[in-house]
Amino acid sequence: MGIYGKKKNFDKDDNSNIFWTTMSDLLLGLAIIFMTLFVLAMTGFTQETVELQQNQMKASEQIAEKLKEADIDAEVDKLTGNVKISDLQLFEVGSYQLSPKGKQFLDKFVPIYINTIFANPILYENVENIIVQGHTDSQMFVNAKTPEEQFSKNMQLSLQRAAAVQEYMFRTKYDKKNAPALNKIIVVEGKSFTEPVLDANGKEDYAKSRRVELKLRVKGK
């Protein structure tokens, strides 16, 4: 009986080991399948993102090149297509009304900027917004008595300047077939003095801080 008893217990342990081995293999197999699907999904997303970034860079470089050829003074980020325009190019000091010089600038600048973006289907179909963004410096605003009033007055000025640029953009001779699409994606923002431009010593560059920026907000970023 002792011998048979030991044999019976051995068979029971052996069957238990087989069960757990089978379950471990199953779980391992499921984990491998899950990881494979995850990697494939992430690889596809990455490829799409890389393609979009490449097209964004290509359009940015084209914008920079065409502005240079047209002798237009604007700072272009060749990675993102974002453009910085000095307030002196557009406005009289302390004003949000476009100067004659500012209108002439936009007459040349806007068609190049808009037409280049819409000439690249992969890019413009993934553009969520074109943001016209106004910025001021942090110097004391005339008649501002408190820091809060100082901020608010600069916010109002930055927003008014951005709105003036956006409004005039539609008057320029860009390809008007793109007007309906442009209407849907253009956005106006005021930033007051919250995003100053700093010099090499980390101090605010007042002249460069006073600016209007055009930014591309791409879907999925």
Side-chain angles (χ1 to χ4, degrees), residues 60 62-117 127 129-174 179 182-183 185-217:
S60 303
Q62 289 174 347
I63 291 170
E65 291 172 3
K66 290 180 180 180
L67 291 178
K68 184 176 180 180
E69 290 172 1
D71 196 27
I72 297 175
D73 184 18
E75 182 182 336
V76 182
D77 187 325
K78 293 185 179 181
L79 291 177
T80 63
N82 295 344
V83 181
K84 294 181 181 180
I85 306 170
S86 168
D87 72 322
L88 296 178
Q89 293 282 86
L90 302 172
F91 308 98
E92 301 296 343
V93 177
S95 174
Y96 62 86
Q97 300 291 337
L98 286 168
S99 65
K101 178 183 176 182
K103 292 178 180 179
Q104 291 175 0
F105 179 93
L106 293 176
D107 283 335
K108 294 197 301 181
F109 167 79
V110 173
I112 292 174
Y113 183 78
I114 298 299
N115 293 343
T116 302
I117 292 171
V127 171
N129 293 117
I130 295 176
I131 305 169
V132 185
Q133 198 174 76
H135 297 259
T136 67
D137 63 37
S138 62
Q139 295 183 100
M140 183 58 68
F141 204 98
V142 177
N143 298 325
K145 298 179 181 179
T146 65
E148 292 81 8
E149 189 177 0
Q150 160 77 352
F151 174 81
S152 295
K153 285 183 175 293
N154 276 285
M155 176 62 77
Q156 183 179 22
L157 177 60
S158 65
L159 186 58
Q160 288 172 325
R161 286 183 166 181
V165 170
Q166 176 272 319
E167 190 272 336
Y168 193 81
M169 286 174 70
F170 288 100
R171 300 187 190 183
T172 64
K173 295 181 180 180
Y174 69 94
L182 182 60
N183 291 344
I185 62 176
I186 197 161
V187 174
V188 173
E189 290 183 354
K191 301 296 287 186
S192 190
F193 49 77
T194 58
E195 297 180 10
V197 175
L198 306 180
D199 62 21
N201 297 317
K203 296 183 178 180
E204 181 179 357
D205 186 320
Y206 295 122
K208 290 185 177 180
S209 291
R210 298 188 300 270
R211 67 198 188 276
V212 172
E213 293 191 21
L214 278 81
K215 294 185 173 183
L216 293 178
R217 179 180 292 151

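Atom-to-atom distance recorded for Glu167:CD and Gln160:CD is 13.5 Å, nearest 0.5 angstrom. A distance of 12.5 Å separates NZ of Lys78 from OG1 of Thr80, quoted to the nearest 0.5 Å.
Considering only heavy atoms from C-beta on, Lys66 comes within 4.5 Å of Thr116 through its side chain. No side-chain heavy atom of Met169 sits less than 4.5 Å from a side-chain heavy atom of Arg171. With a 4.5 Å cut-off on side-chain heavy atoms, Asp77 and Val83 do not count as touching. Between Asn82 and Val76 the shortest side-chain heavy-atom distance does not fall below 4.5 Å. Here the side chains of Phe91 and Val212 are in contact, with some heavy-atom distance below 4.5 Å. By the 4.5 Å heavy-atom criterion applied to side chains, Glu195 and Gln133 are counted as neighbours. Ile112 places a side-chain heavy atom less than 4.5 Å from the side chain of Ile72. The shortest distance between side-chain heavy atoms of Val188 and Leu159 falls below 4.5 Å.
Salt-bridge check for Glu213 with Arg161: failed, with every basic side-chain N at 4.0 Å or more from each acidic carboxylate O. Residues Asp87 and Arg211 are not paired through a salt bridge, judged by the lack of any N-O separation under 4.0 Å between the basic side chain and the carboxylate. For the pair Lys145 and Glu149, the salt-bridge criterion is not met [side-chain N within less than 4.0 Å of a carboxylate O].
Residue Gly94 comes nearest to Leu157 through the heavy atom pair O-CD1, 4.3 Å, listed as atom of the first residue, atom of the second, then distance. Residue Leu182 comes nearest to Ile114 through the heavy atom pair CD1-CD1, 3.9 Å, listed as atom of the first residue, atom of the second, then distance. Nearest heavy atom pair, residue Ser138 against residue Gln150, reads O-NE2, 3.3 Å. The two atoms that bring Leu88 and Lys101 nearest to each other are O-NZ, 3.9 Å, heavy atoms only. Leu106 and Pro111 make their closest contact through O-CD, 3.8 Å (heavy atoms, listed as atom of the first residue, atom of the second, distance). Annotation for Thr136 and Ser158: closest pair CG2-CB, 3.9 Å, computed over non-hydrogen atoms.
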Derivation and outcome, side chain to side chain contact (heavy atoms under 4.5 Å, CB included), residues Asp73 and Gln89: CA-CA 8 Å; Asp73 184 18; Gln89 293 282 86; 3.7 Å; yes
Working for side chain to side chain contact (heavy atoms under 4.5 Å, CB included), residues Leu198 and Asp205: CA-CA 5 Å; Leu198 306 180; Asp205 186 320; over 6 Å; no
Test log, rule ring pair (Phe, Tyr, Trp, His ring centres under 6.0 Å), inputs Phe193 and Phe151: CA-CA 7 Å; Phe193 49 77; Phe151 174 81; 5.7 Å; yes
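The aromatic rings of Phe109 and Tyr113 lie parallel to each other, their planes meeting at an angle below 30°, with 60° marking the opposite boundary.
When atom types are taken as modelled, the side chain of Ser99 and the backbone of Leu90 share a donor-acceptor pair closer than 3.5 angstrom. At distances below 3.5 Å, at least one donor-acceptor pair connects side-chain atoms of Ser209 with backbone N or O atoms of Val197.
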